[in-house]
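Contents: one structure, followed by commentary.
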Protein chains: 2
Amino acid sequence: MQANANTEATGAAAGGRPGKGRYHHGDLRNALIRAAIELAAEGGPDAVVLRAAARKVGVSATAAYRHFDSHSDLLGAVKDHGQQRLVECMEAGGREVRGSGPEATRQRMLGLGRGYIGFARQEPGLYRTAFCRKALGGFGVTEEGAVTEAGHQPGWEARSFEMLTETLDEAVTVGLIPPERRPGAELSAWAMVHGTAMLFLDGPLDVLSEEEAGYVIERVLRDVIAGLTTP
Amino acid sequence: MQANANTEATGAAAGGRPGKGRYHHGDLRNALIRAAIELAAEGGPDAVVLRAAARKVGVSATAAYRHFDSHSDLLGAVKDHGQQRLVECMEAGGREVRGSGPEATRQRMLGLGRGYIGFARQEPGLYRTAFCRKALGGFGVTEEGAVTEAGHQPGWEARSFEMLTETLDEAVTVGLIPPERRPGAELSAWAMVHGTAMLFLDGPLDVLSEEEAGYVIERVLRDVIAGLTTP
DNA sequence: TGATGCATGTTGACGCCGTGAACATCTGGT
DNA sequence: ACCAGATGTTCACGGCGTCAACATGCATCA
């Protein structure tokens with residue numbers, strides 16, 4: 001990640017059409033990120049081409065290097081955005097259910113899963129980018145073999161996992177999940193929703209009608225919850 | 001896919017060091033595939049660079065176009081190989097358990113899952129390539145919007161799914177899975193193992209010790225089977 | 001057996017990509 | 001008013017996938 005240049009160049013803000021003859025753009029970093037996000041949404045991580053983003057903004061390709069260390073750094077910014085959007089969808093799915101008790105918690109787990117898979121289906125390009133290897137973020141290994149600990153807000157990457165953890169804890173409290181089955185439960189849950197999302201995006205599920213997709217999702221979520229709650 | 005040029009040039013077979021001064025290689029298609037497989041094994045689908053494969057074989061880059069329609073076609077051949085290797089691992093995992101009855105079937109399901117996840121962990125590059133979008137194979141959509149139906153042996157891609165299907169059918173016969181829960185069960189199972197594999201390759205599970213990984217895998221597989229067998 | 005046609009390989013070129021170096025322009029602080 | 005640094009530009013490099021034109025040699029048939 002770069003030192004940073006996000007502090008909104010005081011003079012020209014996002015208000016007055018930037019890049020209209022002005023030599024300095026005023027908000028290039030964010031403009032590039034927005035352009036890259038559009039590319040990702042349309043074509044997935046492979047469509048996030050640094051030169052294309054620069055072209056979209058109307059700026060030379062190398063200008064991007066004043067705001068990003070590398071292509072991978074730009075892709076990482078898009079990845080962060082994707083993770084954030086995913087979290088929003090999960091939160092929206094979980095918030096639909098209020099109240100407490102086993103059934104409410106069960107419904108909240110379902111909501112989280114629906115939100116997750118729903119995002120993957122509505123924004124396949126962003127979803128794929130959110131879990132793209134090539135982007136900075138997550139963990140990496142330097143050429144010397146040392147483990148580097150990400151760049152970009154590590155918050156978003158962890159946040160979705162955290163939501164799941166909280167809900168599973170709640171499920172134990174409420175008696176839905178036997179305490180002895182709690183450790184590692186998020187792995188099963190995460191694997192299931194991630195795997196299902198992938199089956200929709202790349203696998204045989206991409207041809208399903210909206211109705212069929214709904215059944216499949218409910219079925220899969222019921223299965224994983226049944227697996228977790230069975231003593 | 002190309003018309004085909006796989007019919008082992010009668011004269012020079014794989015025996016005598018090919019490409020040793022000979023203008024014609026004799027088995028270039030397979031040599032390129034082997035080189036590409038090595039690249040994929042080491043660096044995943046992104047490492048499958050047509051020019052690099054040609055370099056490895058000691059041939060000009062454009063020579064590859066006598067045997068493959070495009071980079072994507074070569075990648076597709078590697079993908080097929082990965083799928084085949086995956087099937088072999090699943091078969092090996094399933095064959096470990098003989099006999100019949102509910103417990104044997106349950107063990108066979110576990111074996112299939114262990115084989116699947118084991119392959120993903122032992123050959124991450126090939127596994128990723130086996131499920132790579134960019135490669136030909138699977139389904140695709142032409143520029144005019146028509147749905148094309150794959151190239152490359154569609155057999156391997158379907159075969160692993162088929163194995164799962166057979167085992168689940170067996171589980172119903174044997175009374176493990178309630179018949180009414182059978183439809184769609186392969187989706188849950190597939191999603192779970194695929195998702196788990198991804199958590200190992202890209203996710204937070206990549207740092208686990210061999211022992212810890214074993215526990216996680218058993219845990220996840222038990223969860224999904226519990227979900228499927230719960231009435 | 002020798003000529004010949006086609007499969008197979010090579011060279012060269014094009015336009016794309018990510019990226020570095022050198023140069024140009026603007027802007028905020030003294 | 002000036003200057004330093006931030007920001008943007010042009011030019012260049014090597015690598016990529018791919019096409020067109022050309023070279024080579026094996027297999028077939030007169």
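Order of the sequence lines sets the chain letters (A, B, ...), proteins ahead of strands, with each chain counted from 1. For the numbers below, each heavy atom of this structure counts, side chains included, while hydrogens, waters and symmetry mates do not.
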Spacing of Asp27(A) atom CG relative to dA6(D) atom P, expressed in whole Å: 18 Å
Starting the side chain at C-beta, find the nucleotide from dG17(D), dT7(D), dT19(C) nearest to Arg66(A). dT7(D)
Look at the rings of Phe161(B) and Trp190(B) and say which category their plane angle falls in: under 30° parallel, 30 to 60° tilted, over 60° perpendicular. tilted
Between dT8(C) atom P and Asn30(B) atom CG, what is the distance in whole Å? 12 Å
From NZ of Lys134(A) across to P of dC17(C) the rounded distance in Å is 14 Å
Rounded off to whole Å, could you give me the NE2-to-P distance for the His71(B) and dC16(D) pair? 10 Å
Among dT19(C), dG17(D), dG8(D), which is the nearest nucleotide to the side chain of Val59(A)? dG8(D)
Tell me: NZ of Lys56(B) to P of dG15(D), nearest whole Å? 17 Å
Nearest-angstrom distance from the residue atom CG of Leu50(A) to C1' of dG20(C): 13 Å
Hey, is CD on Glu96(A) packed in by over 12 heavy atoms from elsewhere, all under 6.0 Å? no
Does dC16(D) have OP1 or OP2 sitting under 4.0 Å from an N or O in the side chain of Arg55(B)? yes
Quickly work out the Leu74(B) CG to dT18(D) C1' distance and round it to whole Å. 14 Å
Would you say dA7(C) has OP1 or OP2 under 4.0 Å from some side-chain N or O of His67(B)? no
Does Thr62(B) make a side-chain donor-acceptor contact with the base of dT11(C), cut-off 3.5 Å? yes
Identify, with sequence neighbours excluded, every residue that meets side-chain hydrogen bond (donor to acceptor under 3.5 Å, both in side chains) alongside Glu218(A). Arg114(A)
The answer to which of Ala64(A) and Arg51(A) contacts DNA chain D further toward the 5' end, by nearest nucleotide, is Ala64(A)
Under 4.0 Å between a side-chain nitrogen and a carboxylate oxygen: does that hold for Glu166(A) and Arg159(A)? yes
Ser60(A) side chain, from C-beta outward: closest of dT9(D), dC16(D), dG18(C): dT9(D)
Take atom CG of Leu75(A) and atom C1' of dG18(C), then tell me their distance rounded to the nearest Å. 13 Å
Indicate yes or no: at least one non-hydrogen side-chain atom of Met198(A) is less than 4.5 angstrom from one of Phe131(B). no
